[in-house]
Amino acid sequence: MATQASVTQSEPQTAERTRGGRVYRACVDILETPEGLTLIADVPGVKSDAVDIDFEDGVLTIQGKVEPRYKENVNFLLNEYGLGDFYRQFRISEQVDVGRIHAECTSGVLTVQLPKVEAAKPRKIAVKAAG
Amino acid sequence: MVFRRVNEFLPVAQLRDEMDRLVSDMFVPAARRAPARWAWNAPSFPALNVWEEDDVIYAEAEMPGVKSEDLDISVVGADLTIRGRRGADAREGVAYHRQERGTGEFNRVLRLPVEIDSAKVEASLTDGVLLVKLPKAESAKPKKIKVSTGP
């Protein structure tokens, strides 16, 4: 691809969170088309209104809040995973059209569309054959 | 702190697996001993949280992006079987920068400590979280024995 965007993972968050509890790293797919980048994250248990997406200075931050699902003092027979919010941060070195970023969250899968700004899209230049 | 969701290389995860194996003799998860066919990330997918409330056992599993029609849940005696698949989105002309989300089929069998009334089992899938409600069979419910006082 002509304009390969580079996506690097940022350092773990330095700012302190206001919410307590555990934070988990969501598994993601990041794919690129000529039109933009798409980030798909597995965030089971996150409702669509509990997602927080932030894009600032080329850093994309996604957060999904998970509400507690168990009663207190629950008697676990098997406890193979813990509950906590999902968090992930990426540095994106591609010109993203911030105003057109949009996202949706269904069935525990968050999809964030990051369209490229017009100038960053590869343009096909037609070569005219000389007569 | 940011925790890795699944990292089987972490010593803690290995220890947890070892502990699971130790506990498995009591709980007998049949699928754990069978080789994983198509695990997403973990050796036995899906990971389960199972708990008990009075006469009901609840089993919960996280399966984001799985459609309810692609899930097959069955209960025979005390064995709960969860089968399903998550299809890969066929996308052409895309370059992957990261591909961490697994796809494919999964199958897990869990032996519960008591017999289940299979006719009353209910399952729901909300925001990628599967919850199976497993009412205990009548024979498995505790019975109060009246103690009569002798003459």
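Values below: every heavy atom of this structure, side chains too, minus hydrogens, waters and symmetry copies. Throughout, a chain's letter reflects where its sequence line sits, starting with A, and its residues are numbered from 1. Note that the structure is predicted; figures quoted are calculated from it, not measured.
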For this session: Check the surroundings of atom NZ in B:Lys141: do more than 12 heavy atoms from other residues, nucleotides or ligands lie under 6.0 Å from it?
Result: yes

Problem set entry | chain A contact via B:Leu131 - which portion, at a heavy-atom distance below 4.5 Å | neither

Exercise. Are any of the side-chain nitrogens in B:Glu52 or A:Lys71 under 4.0 Å away from the carboxylate oxygens of its partner?
Worked result: no

Exercise. Below 4.0 angstrom, N of the basic side chain to O of the carboxylate: do A:Glu32 and B:Arg98 qualify?
Worked result: no

Exercise. If we ignore angles and hydrogens, is there a donor and acceptor under 3.5 Å between the side chains of B:Glu60 and A:Tyr70?
Worked result: yes

Side-chain heavy atoms of [X] within contact of [Y], under 4.5 Å:
X       : Y        : value
A:Leu31 : B:His97  : no
A:Asp42 : B:Glu100 : no
B:Asn49 : A:Tyr81  : yes

Problem set entry | Among A:Cys27, A:Ser107, A:Pro44, the one residue meeting side-chain contact (heavy atoms from CB on, under 4.5 Å) with B:Pro64 | A:Pro44

Kindly compute the distance separating [atom1] ([X]) from [atom2] ([Y]), expressed to the nearest 0.5 Å.
X       : Y        : atom1 : atom2 : value
B:Trp51 : A:Asn79  : CH2   : CG    : 9.5 Å
B:Gln99 : A:Asp29  : CD    : CG    : 5.0 Å
A:Glu80 : B:Leu110 : CD    : CG    : 8.0 Å

Problem set entry | Proximity breakdown for A:Ile40 and chain B, heavy-atom pairs closer than 4.5 Å | both

Problem set entry | Option in A:Val28, A:Val46, A:Asn75, A:Thr106 with maximal non-hydrogen atom pairs under 4.5 Å from chain B | A:Val28

[X]-[Y] co-clustered via ILVMFWY side chain contacts under 4.5 Å:
X        : Y       : result
A:Ile53  : A:Val98 : yes
B:Leu112 : B:Val76 : no
B:Val129 : A:Val43 : no

